[in-house]
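Down below is the structure, laid out as structure tokens.
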Number of protein chains: 2
Amino acid sequence: MILNHMVEFQTPHLDAVFHALSDPTRRAILHRLSEGEHTISELATPFNMSLAGASKHIKVLEGAGLVRRHVQGRTHFCQLEAARLAEAQQWLRTYERFWTTRLDDLEEILREEDRASARASEQLPPGQSAKKSRSTK
Amino acid sequence: MILNHMVEFQTPHLDAVFHALSDPTRRAILHRLSEGEHTISELATPFNMSLAGASKHIKVLEGAGLVRRHVQGRTHFCQLEAARLAEAQQWLRTYERFWTTRLDDLEEILREEDRASARASEQLPPGQSAKKSRSTK
DNA sequence: ACAATAGTCAACCAGTTGGTTTAATATTTC
DNA sequence: GAAATATTAAACCAACTGGTTGACTATTGT
């Protein structure tokens with residue numbers, strides 16, 4: 001119970017990850033990084049923003065564990081680090097049933113109809129009505 | 001190109017959804033709602049927080065399209081509304097390959113081993129690989 | 001040695017956030 | 001009609017956000 005509460009609510013990772021993802025500039029940076037490694041200036045140029053501004057965004061992403069940086073001389077290379085994205089997706093997966101429920105319900109209804117029609121096309125046990133068969137998929 | 005840019009970056013829904021999800025209290029409220037409908041006070045009580053405070057959180061969730069409310073007399077009932085969660089998951093799915101890459105690599109290695117062992121255990125017809133099947137999933 | 005380049009840091013700013021408290025608006029109950 | 005209940009509204013607060021600028025630290029190229 002208390003454990004459940006901890007698992008469910010004490011998740012500082014998710015705070016940071018979802019916050020990082022809530023900004024369109026940062027999502028764009030991640031998208032850029034999904035094509036491959038980039039330096040800070042490379043990441044900054046597409047945005048109408050000072051280098052320092054972009055640098056701050058990248059630091060937020062780094063803080064959320066979404067970006068890794070390795071320095072080589074004076075240039076900083078950034079890489080996408082996906083593990084935390086996977087954690088976020090895992091959280092969302094818990095709620096997946098709420099947007100698949102209708103499909104699941106429909107499937108269950110159709111399956112039930114099939115069972116009924118199967119019974120019907122046999123010896124018609126009492127209390128069962130015949131139904132048209134229907135494929136589930 | 002411009003269209004691509006729009007699809008990728010002009011997504012005010014995601015801003016609001018990810019921001020809503022970045023707060024642990026709000027995630028807890030959503031979790032609560034996943035068990036069924038609840039009133040504002042019911043949602044507020046578990047938290048060490050004023051009713052007005054909780055009310056504000058719920059308004060944020062509503063603004064992000066994650067919660068629907070229907071008023072009945074003086075009590076407001078809240079329901080989870082999952083469509084926007086699905087949108088968020090859809091966004092994350094774009095990056096899925098970055099945490100499945102290693103598994104994919106492993107799979108490719110196993111498939112290659114299969115091809116190699118198949119060639120070895122036959123009479124080696126030129127250019128043809130005998131597939132000893134290994135399940136992909 | 002000097003200038004250009006890559007990036008951070010610190011200070012600042014207006015706007016937002018997460019919270020409070022107190023008051024106000026309905027609705028229901030006695 | 002008065003009291004209790006369910007909720008929002010408004011004003012306030014400290015902390016944080018996303019952005020700027022200007023100064024600073026390194027590193028690289030000439």
Side-chain angles (χ1 to χ4, degrees), chain A residues 9-33 36-80, chain B residues 9-33 36-80:
Chain A
F9 305 128
Q10 189 184 308
T11 49
H13 281 182
L14 286 180
D15 291 24
V17 169
F18 281 132
H19 170 250
L21 296 184
S22 74
D23 183 278
T25 300
R26 286 193 291 262
R27 288 199 305 276
I29 289 173
L30 287 181
H31 182 250
R32 192 88 182 290
L33 286 177
E37 206 171 59
H38 281 289
T39 71
I40 305 281
S41 342
E42 279 169 3
L43 290 172
T45 39
F47 304 106
N48 192 17
M49 190 185 300
S50 69
L51 183 63
S55 172
K56 273 168 126 186
H57 277 301
I58 290 160
K59 226 180 305 181
V60 170
L61 290 167
E62 223 182 343
L66 297 173
V67 160
R68 239 181 339 176
R69 173 196 312 234
H70 70 274
V71 182
Q72 208 160 8
R74 64 185 165 179
T75 72
H76 299 209
F77 293 91
C78 297
Q79 267 184 291
L80 182 61
Chain B
F9 304 128
Q10 188 183 310
T11 49
H13 282 184
L14 287 180
D15 291 23
V17 168
F18 282 133
H19 171 249
L21 297 183
S22 74
D23 184 278
T25 301
R26 286 193 291 262
R27 287 199 306 276
I29 289 174
L30 287 181
H31 183 251
R32 193 90 182 289
L33 286 177
E37 207 172 59
H38 281 289
T39 71
I40 304 282
S41 341
E42 279 169 2
L43 290 172
T45 40
F47 305 107
N48 192 16
M49 189 185 299
S50 69
L51 183 63
S55 171
K56 274 167 125 185
H57 276 301
I58 291 159
K59 225 179 308 179
V60 170
L61 290 168
E62 223 181 343
L66 296 172
V67 161
R68 239 179 339 175
R69 172 196 313 235
H70 69 275
V71 183
Q72 208 161 8
R74 66 185 163 180
T75 72
H76 299 209
F77 293 91
C78 297
Q79 267 184 290
L80 182 61

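Every chain is numbered from 1, with letters handed out A, B, ... down the list of sequences. The model shown is predicted, which means the values in this text are computed figures rather than measured ones. Because only heavy atoms are used, hydrogens play no part in the values below, and waters and symmetry mates are left out as well, while side chains stay in.
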Next on the checklist: I need the NE2-P distance between B:His76 and C:dA26, as an integer number of Å.
Outcome noted: 11 Å
Checklist entry - Given atom CG of A:Leu51 and atom C1' of D:dG18, what is their separation to the nearest angstrom? => result 15 Å
Item to check | Residue closer to the 5' end of DNA chain D, B:Ile40 versus A:His57 (nearest nucleotide) | outcome: B:Ile40
Item to check | With sequence neighbours excluded, residues passing side-chain hydrogen bond (donor to acceptor under 3.5 Å, both in side chains) with B:Glu42 | outcome: B:His38
Checklist entry - What heavy-atom pair brings B:Leu21 and A:Phe18 nearest, and what distance separates the two atoms? => result O-CD1, 3.4 Å
Checklist entry - So do the side chains of A:Leu43 and A:His57 get within less than 4.5 Å of each other, counting heavy atoms only? => result no
Checklist entry - With respect to the side chain of A:Ser50, which nucleotide from D:dT21, C:dA6, D:dG18 is positioned closest? => result D:dT21
Checklist entry - Between atom NE2 in B:His19 and atom P in C:dT16, what is the gap in whole Å? => result 11 Å
Checklist entry - CZ of A:Phe77 versus C1' of C:dT5: gap in Å, rounded? => result 13 Å
Checklist entry - Separation of B:Phe18 atom CZ from C:dT17 atom P, in whole Å? => result 17 Å
Item to check | Nearest heavy atoms of B:Phe47 and B:Ile29, plus distance in Å | outcome: CE1-CG1, 3.7 Å
Item to check | Sorted by number, the residues of residues 60-67 of chain A with heavy-atom contact under 4.0 Å to DNA chain D | outcome: none
Next on the checklist: Taking 4.0 Å as the cut-off, does a side-chain nitrogen or oxygen of B:Thr75 come that near to OP1 or OP2 on D:dA6?
Outcome noted: no
Checklist entry - In whole angstroms, how far is the C1' atom of D:dC16 from the CG atom of A:Asp15? => result 14 Å
Next on the checklist: By the 4.0 Å heavy-atom rule, please label B:Lys59 as base, sugar-phosphate, or nothing.
Outcome noted: sugar-phosphate
Checklist entry - What heavy-atom pair brings A:Cys78 and A:Leu33 nearest, and what distance separates the two atoms? => result O-CD2, 3.4 Å
Item to check | Interatomic distance where CG belongs to A:Asp23 and C1' belongs to D:dG19 [whole Å] | outcome: 11 Å
Next on the checklist: If I take atom NZ in residue B:Lys56 and atom P in nucleotide D:dA9, what distance separates them, rounded to the nearest angstrom?
Outcome noted: 11 Å
Checklist outcome for this item: Given protein heavy atoms under 4.0 Å, the one-letter contact record of nucleotides 23-30 of chain D, with B base, S sugar-phosphate only and - none, is simply ----BS--
Checklist entry - Considering only heavy atoms from C-beta outward, does the side chain of B:Val67 approach that of B:Leu30 to under 4.5 Å? => result yes
Checklist entry - B:His19 versus B:Arg26: any side-chain heavy-atom pair under 4.5 Å? => result yes
Item to check | Exercise: identify the closest heavy-atom pair between B:Arg27 and A:Asp15 | outcome: NH2-OD1, 2.7 Å
Checklist entry - Which atoms form the tightest heavy-atom contact between B:Ala16 and B:Ala64, and what is the distance? => result O-CB, 3.7 Å
